2 protein chains.
Amino acid sequence: MLDPDKTAFYIHLFKGIDPADLPGLISATQQRQLEPGDVYIREGENSPRLAYIKEGLIRCYHINEKGIESTVLLRWEEQIVASYDSILLGKPSRFTYHALEATSIVEVNYDVIQKLLANKPVFEQARYQFVLDMLAQSLERIESFVLQTPEERYLQLIQDKPDLLQRVSDKHLATLLGITPVSLSRIRKRITSRYSR
Amino acid sequence: MLDPDKTAFYIHLFKGIDPADLPGLISATQQRQLEPGDVYIREGENSPRLAYIKEGLIRCYHINEKGIESTVLLRWEEQIVASYDSILLGKPSRFTYHALEATSIVEVNYDVIQKLLANKPVFEQARYQFVLDMLAQSLERIESFVLQTPEERYLQLIQDKPDLLQRVSDKHLATLLGITPVSLSRIRKRITSRYSR
DNA sequence: CCCGTTAATTATCTTTTGTTAATTCTGCCA
DNA sequence: TGGCAGAATTAACAAAAGATAATTAACGGG
């Protein structure tokens, strides 16, 4: 019998999928539970894993030569997470991905589904849509760096995804915005003092 | 008879294309020449135009409410340029695209080729590859904002694409890096004074 | 060849950020 | 509940960036 969670995952991911393809896909799929702090993909790994986040939060970060850690991106429920170095470029990940919360994911081996679904229009369509969404998101983020100040980026962030404030520590949010935790703390102070005036 | 330039364009873009598709595509294609300063896509336009740059340089920029102009991206020869607001999201462009140099392009209406090539694997493949490349580039740029200082971004830029220094004015490069022209001038001074010491 | 326009640099001052370290806050567990 | 570790804030100073304006450089047209 087909796992209902996995079935739902694929129906969601590949709208209009041929039911005949489901069993093959599902056997290439597993569910996993990550605890806070668990590493999902380690720097240096060349992992073709691709996961849909059912619940939870995953942080992708990098540690530079001076030992300074920067958050490159955050992914949360209903989003897809993968090492884009590996998936897109076929090279080892320069980043580490780890769970910030208890996180449940549905995971596939991208190489396997790539083979299983080669030349299937539904897959091509979904894959295209997925990359397209990520591109749109990325371009928006680039714009925010080019066009906005750190303070504006922070205000934008808490407007777009307010629950991140409760879920992610300031130091991680700061580096996500391209600034230091100290600077973020000052920005918050400026904002509140501006309101209370 | 088929235009050899346009034929080459499609062969390049859609490797393995069915020759039977060429005439239809080519009739949806035109060559254009832009002079320095010519606007290619104006802010507010919802333009499905997509162009391959044979020669030249196109700048995408935005003017904010304070009248400050920022370069969002540059595209040059052998790259593809389009309003991603329109192509990806189907909405009017928030940016203006204009030529910085005499620029010759091969242009198609994206909606038309989308229809012409619906469900053709070669097209799906090319389209996917195109978005994938842009995504990889975008992610790299995001990283540069998160992980690098303005000075490091500048050094990276002149290493990756040194001819931009001759081809693009400093004020445009500055805003591309997310800083002001005055600040870029100081960065260059710092760098040279560091070398001469 | 001069003039006028624009770009680039420099100067001055203000604001913001980075750095480092000290201090306070918070949550957790022994 | 006392104490400890990590997070956040604050402080103090240095470095960098923004804003504005003045000066210099570069360039193209008349």
Side-chain angles (χ1 to χ4, degrees), chain A residues 35-37 57 59 61 63-71 74 98-102 144-158 164-197, chain B residues 35-37 57 59 61 63-71 74 98-102 144-158 164-197:
Chain A
E35 295 312 315
L57 195 56
R59 181 175 81 108
Y61 69 93
I63 300 179
N64 73 4
E65 63 288 349
K66 290 171 208 136
I68 292 172
E69 184 182 305
S70 295
T71 300
L74 296 174
H98 77 327
L100 290 186
E101 302 175 350
S144 79
F145 282 111
V146 172
L147 304 176
Q148 298 183 299
T149 63
E151 178 171 328
E152 288 167 336
R153 286 202 293 278
Y154 173 72
L155 289 169
Q156 188 77 54
L157 180 75
I158 62 181
L164 285 187
L165 273 184
Q166 330 307 330
R167 298 170 70 182
V168 182
S169 67
D170 285 358
K171 62 175 192 159
H172 293 155
L173 290 183
T175 57
L176 187 72
L177 296 168
I179 56 178
T180 61
V182 178
S183 186
L184 176 57
S185 178
R186 286 187 290 227
I187 286 173
R188 311 174 96 194
K189 194 178 181 180
R190 273 206 301 274
I191 292 169
T192 56
S193 81
R194 213 174 296 153
Y195 268 105
S196 60
R197 222 174 347 102
Chain B
E35 294 312 314
L57 194 57
R59 180 174 82 108
Y61 69 94
I63 299 179
N64 72 6
E65 62 290 347
K66 289 171 210 137
I68 292 172
E69 183 182 307
S70 296
T71 301
L74 296 174
H98 77 327
L100 290 186
E101 302 174 350
S144 79
F145 282 112
V146 172
L147 304 176
Q148 298 182 300
T149 64
E151 177 172 328
E152 287 167 336
R153 286 202 292 281
Y154 172 71
L155 289 169
Q156 188 77 54
L157 180 76
I158 61 180
L164 285 187
L165 273 184
Q166 330 307 331
R167 298 171 69 183
V168 182
S169 67
D170 284 358
K171 61 174 191 159
H172 294 154
L173 290 183
T175 57
L176 186 74
L177 296 169
I179 57 178
T180 60
V182 177
S183 186
L184 176 57
S185 179
R186 286 188 290 228
I187 286 173
R188 310 174 97 194
K189 194 177 180 182
R190 274 207 300 274
I191 292 169
T192 55
S193 82
R194 213 173 295 150
Y195 269 104
S196 59
R197 225 176 344 102

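Bear in mind that the values here come from a model prediction, so they are computed numbers and not experimental data. Basis for what follows: all heavy atoms, side chains included, without hydrogens, waters or symmetry-related copies. Labels below follow one simple rule: chain letters A, B, ... track the order of the sequence lines, proteins then strands, and each chain is numbered from 1.
One atom, CG of B:Leu177, and another, P of D:dG18, lie 11 Å apart when rounded to the nearest Å. Taking atom CZ of residue A:Arg190 and atom P of nucleotide D:dG18, one finds them 14 Å apart after rounding to whole Å. Distance CD1 (B:Ile187) to C1' (D:dA16): 9 Å, rounded to an integer number of Å.
Comparing the local axis fitted to the first five base pairs of the helix from C:dC1-D:dG30 to C:dA30-D:dT1 with the one fitted to its last five gives a bend of 30°, rounded to 10°.
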>> One character per nucleotide, please: for nucleotides 4-12 of chain D, 5' to 3', B when the base has a protein heavy atom closer than 4.0 Å, S when only the sugar-phosphate does, - otherwise.
In response: ---SSSBBB

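Within the 4.5 Å cutoff, no side-chain heavy atoms of B:Arg167 are placed close to those of B:Leu100. The closest side-chain heavy-atom distance from A:Leu173 to A:Leu165 is below 4.5 Å. Here the side chains of A:Arg188 and A:Thr192 are not in contact, with every heavy-atom distance at 4.5 Å or above.
In terms of heavy atoms, B:Arg153 sits closest to B:Gln148 at NH1-O, 3.1 Å. Heavy-atom minimum distance, A:Glu35 versus A:Ala99: O-CB, 3.6 Å.
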>> Apply side-chain contact (heavy atoms from CB on, under 4.5 Å) to residues A:Tyr154 and A:Ile179 and explain how you reach the verdict.
In response: CA-CA 10 Å; A:Tyr154 173 72; A:Ile179 56 178; over 6 Å; no

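When DNA chain C is scanned in the 5' to 3' direction for atoms under 4.0 Å from non-hydrogen atoms of chain B, the outermost contacting nucleotides are C:dA7 to C:dT12.
Remark: the backbone N or O of B:Thr175 is not paired with any side-chain donor or acceptor of B:Thr71 at under 3.5 angstrom.
The line from CD of A:Glu152 to CG of A:Leu177 is 12.0 Å long, rounded to the nearest 0.5 Å. Within the model, atoms NE2 of A:His172 and CG of A:Leu74 stand 9.0 Å from one another, a figure rounded to the nearest 0.5 Å. Distance check: B:Leu57 CG to B:Leu164 CG gives 6.5 Å after rounding to the nearest 0.5 Å.
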